[in-house]
There are 2 protein chains.
Amino acid sequence: MARSAASKTQTRIQREKTELIMTAALEVFATFGYRGSTIDQIATEAGLSKPNLLYYFDGKQEIHTRLLEHLLDRWLAPLKSLDAKGEPIDEITAYVMRKLEMARDFPRESRLFANEILQGAPRIMEQISGPLKSLVDEKAAVIKSWSDAGLIAPIDPYHLIFSIWATTQHYADFDAQVSVILDHRAASRFEDAAMHLSEMFRRQLRPSAT
Amino acid sequence: MARSAASKTQTRIQREKTELIMTAALEVFATFGYRGSTIDQIATEAGLSKPNLLYYFDGKQEIHTRLLEHLLDRWLAPLKSLDAKGEPIDEITAYVMRKLEMARDFPRESRLFANEILQGAPRIMEQISGPLKSLVDEKAAVIKSWSDAGLIAPIDPYHLIFSIWATTQHYADFDAQVSVILDHRAASRFEDAAMHLSEMFRRQLRPSAT
DNA sequence: TGATCTTTTAACCAGTTGGTCAGAAAACCC
DNA sequence: GGGTTTTCTGACCAACTGGTTAAAAGATCA
């Protein structure tokens, strides 16, 4: 009996196979969403039989839940390291760059998250209204203090954060569209996006001479 | 026999029921994606029995296809009316506002589109690489000419368009997240977003004094 | 009113889905 | 090597899926 959560000491095979399954499940869930994905599909992707996969996990739901739990830590890391004591515009621009790197390096995680929110976030709502909201509130306050002090242009910190999320995640979530529209220029899309976005947010944040 | 595409003269009931089904299907497909949605679910949402629904449509695929066809016209309209002869910054800002209004007034259409692209756009790729790309190329050229003429700041027109799409659609596609984070301020999210985005893009586009 | 055409339903079907279980095959350990 | 534990598989199941069909119910119109 393995049954994931039950045993504490894991064998080598257990570690390898659970990891294999999680990776396969990420790929499938990120593309088809929870309801659109099947255990068979995940098993095939992982190169296992369905009963074999179910030997390691209690069911479809558990795999998905585990993926989402794992996801939020990685997801919030870039915002977490926004430093209230740093130089405001550099800090925000660096945050944008970190977020864009996430879209480039972890597009499946981005799509998994997008799929979940699109569906109304039924299985992740607690994490959104809990830790995610807390962190956003905290960092929005930091940005507001910069804004109030005149270090950056007056701005609504929440909508600024939304704009950063939207513009960066777009390159992961809408990659199918982005790649087609950019066609031969698609290879350099992340470098070009980095130039574009850093310039865009810098211009927006630079305090106007008064 | 009704069978949708077949007959040309439609009865009152046919018009009403097909409309009813399309609306229900939009709601369901927008939330769960193609594979995650079931005919039964759409039928229930429309207040019909499954065989009754299938009396009006040939199958799940046909309903989805019809929705996507209908979608792109509405989707491209805001960009289509970007006028090369207008005042550049006003034209682009007005485009942003039209796009934001779409996110506010047609969130289900936005999510349907998002869901399709997330999955790699399998059922809409021709429309993306055909009419959509053509239109984007055309308008990107207009924006580039403004940029070259010094009427707006130097900018990559494609990435500007992506930023406009991303920031506006975010309020429809990620509404579950946006509403929770803004909580009591959520009621005015579209007005606030309008202020934020128009200011953001204006600042970005204003030619710097040289 | 009754004949005709449209709309709706119950019953059904084959394939898929999430999940179980008994036992076979490997891996591990002495 | 032999015994024990872990890993894996084929066969199976009930519920659900997309879809069909024949016939009932309802609308329409002379």
Side-chain angles (χ1 to χ4, degrees), chain A residues 1-29 31-68 119 122-123, chain B residues 1-29 31-68 119 122-123:
Chain A
M1 241 254 226
R3 292 295 137 162
S4 55
S7 59
K8 299 220 168 184
T9 51
Q10 285 192 218
T11 67
R12 176 185 52 87
I13 293 179
Q14 276 166 24
R15 257 176 282 119
E16 285 173 9
K17 291 291 161 74
T18 49
E19 187 55 38
L20 190 70
I21 293 167
M22 292 282 275
T23 305
L26 174 60
E27 180 70 37
V28 174
F29 281 134
T31 304
F32 298 105
Y34 181 74
R35 292 192 34 178
S37 303
T38 71
I39 298 183
D40 261 314
Q41 217 181 338
I42 298 168
T44 303
E45 179 82 22
L48 301 173
S49 67
K50 184 171 60 168
N52 197 181
L53 182 150
L54 288 167
Y55 170 70
Y56 293 102
F57 289 89
D58 283 335
K60 186 180 173 179
Q61 182 73 247
E62 199 211 334
I63 308 175
H64 194 252
T65 305
R66 289 267 293 274
L67 277 175
L68 288 183
Q119 290 174 31
R123 285 166 289 263
Chain B
M1 245 253 230
R3 292 296 136 160
S4 55
S7 59
K8 299 222 168 182
T9 52
Q10 285 191 221
T11 68
R12 175 186 52 86
I13 292 178
Q14 276 165 24
R15 257 175 282 118
E16 285 172 7
K17 291 291 162 73
T18 48
E19 187 56 37
L20 190 70
I21 292 167
M22 292 282 276
T23 305
L26 175 59
E27 180 70 35
V28 174
F29 282 134
T31 303
F32 299 104
Y34 181 74
R35 291 193 33 180
S37 304
T38 71
I39 298 184
D40 261 313
Q41 216 180 339
I42 297 167
T44 303
E45 179 83 23
L48 300 174
S49 67
K50 183 171 62 170
N52 196 184
L53 181 150
L54 288 167
Y55 170 70
Y56 293 102
F57 289 89
D58 283 333
K60 187 180 172 179
Q61 183 73 248
E62 198 212 335
I63 308 175
H64 195 252
T65 305
R66 289 265 294 273
L67 278 174
L68 288 182
Q119 289 174 31
R123 286 166 287 266

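Since the model is a prediction, treat every value here as computed from it, not as a measurement.
- Interatomic distance, CD1 of I42(B) versus CZ of F32(B), reported as 11.0 Å (0.5 Å rounding).
- Between H64(A) and F29(A), the ring planes lie perpendicular to each other; the angle is over 60°, past the 30° to 60° tilted range.
- Atoms CD1 and CG, from I63(B) and L26(B) in turn, are 12.0 Å apart once rounded to the nearest 0.5 Å.
- Remark: C1' of dT7(D) and CD of Q10(A) are 14 Å apart, rounded to the nearest angstrom.
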Show me the donor-acceptor pairs within less than 3.5 Å that the side chains of residues 45-54 of chain B make with the rest of the protein, sequence neighbours left out.
{"unit_1": "S49(B)", "atom_1": "OG", "unit_2": "N52(B)", "atom_2": "N", "d": "3.3"}

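- In this model, the phosphate group of dT8(C) is not approached by any side-chain N or O of Y55(B) to a distance below 4.0 Å at OP1 or OP2.
- End-to-end axis angle of the helix from dT1(C)-dA30(D) to dC30(C)-dG1(D), using five pairs per end and rounding to 10°, comes to 10°.
- F57(A) does not carry R66(A) over the face of its six-membered ring by the limits of under 6.0 Å from the centre and within 45° of the normal.
- Checking the phosphate oxygens (OP1, OP2) of dT8(C), no side-chain nitrogen or oxygen of S49(B) falls inside 4.0 Å.
- Contact check for T23(A) versus E19(A): side-chain heavy atoms found under the 4.5 Å cut-off.
- The shortest side-chain heavy-atom distance between T65(B) and R123(B) does not fall under the 4.5 Å cut-off.
- The distance between atom CG of L20(B) and atom C1' of dT8(C), rounded to the nearest whole Å, is 14 Å.
- Of the inter-residue distances, the one linking Q41(A) atom CD with R35(B) atom CZ reads 4.0 Å to the nearest 0.5 angstrom.
- A straight line from CG of L48(A) to P of dT6(D) spans 19 Å, rounded to a whole angstrom.
- At the phosphate of dT9(D), OP1 or OP2 sits under 4.0 Å from a side-chain N or O atom of N52(A).
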Extract from the structure each pairing of a protein N or O with an N or O of nucleotides 17-19 of chain D at less than 3.5 Å, listing the distance.
{"unit_1": "dG18(D)", "atom_1": "OP1", "unit_2": "S37(B)", "atom_2": "O", "d": "3.3"}
{"unit_1": "dG18(D)", "atom_1": "OP1", "unit_2": "K60(B)", "atom_2": "NZ", "d": "3.2"}
{"unit_1": "dG18(D)", "atom_1": "OP2", "unit_2": "I39(B)", "atom_2": "N", "d": "3.0"}
{"unit_1": "dG18(D)", "atom_1": "N7", "unit_2": "K50(B)", "atom_2": "NZ", "d": "2.8"}
{"unit_1": "dG19(D)", "atom_1": "OP2", "unit_2": "K60(B)", "atom_2": "N", "d": "3.0"}
{"unit_1": "dG19(D)", "atom_1": "N7", "unit_2": "K50(B)", "atom_2": "NZ", "d": "3.3"}
{"unit_1": "dG19(D)", "atom_1": "O6", "unit_2": "K50(B)", "atom_2": "NZ", "d": "3.4"}

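- OP1 or OP2 of dT7(D) lies within a sub-4.0 Å distance of a side-chain N or O belonging to Q14(A).
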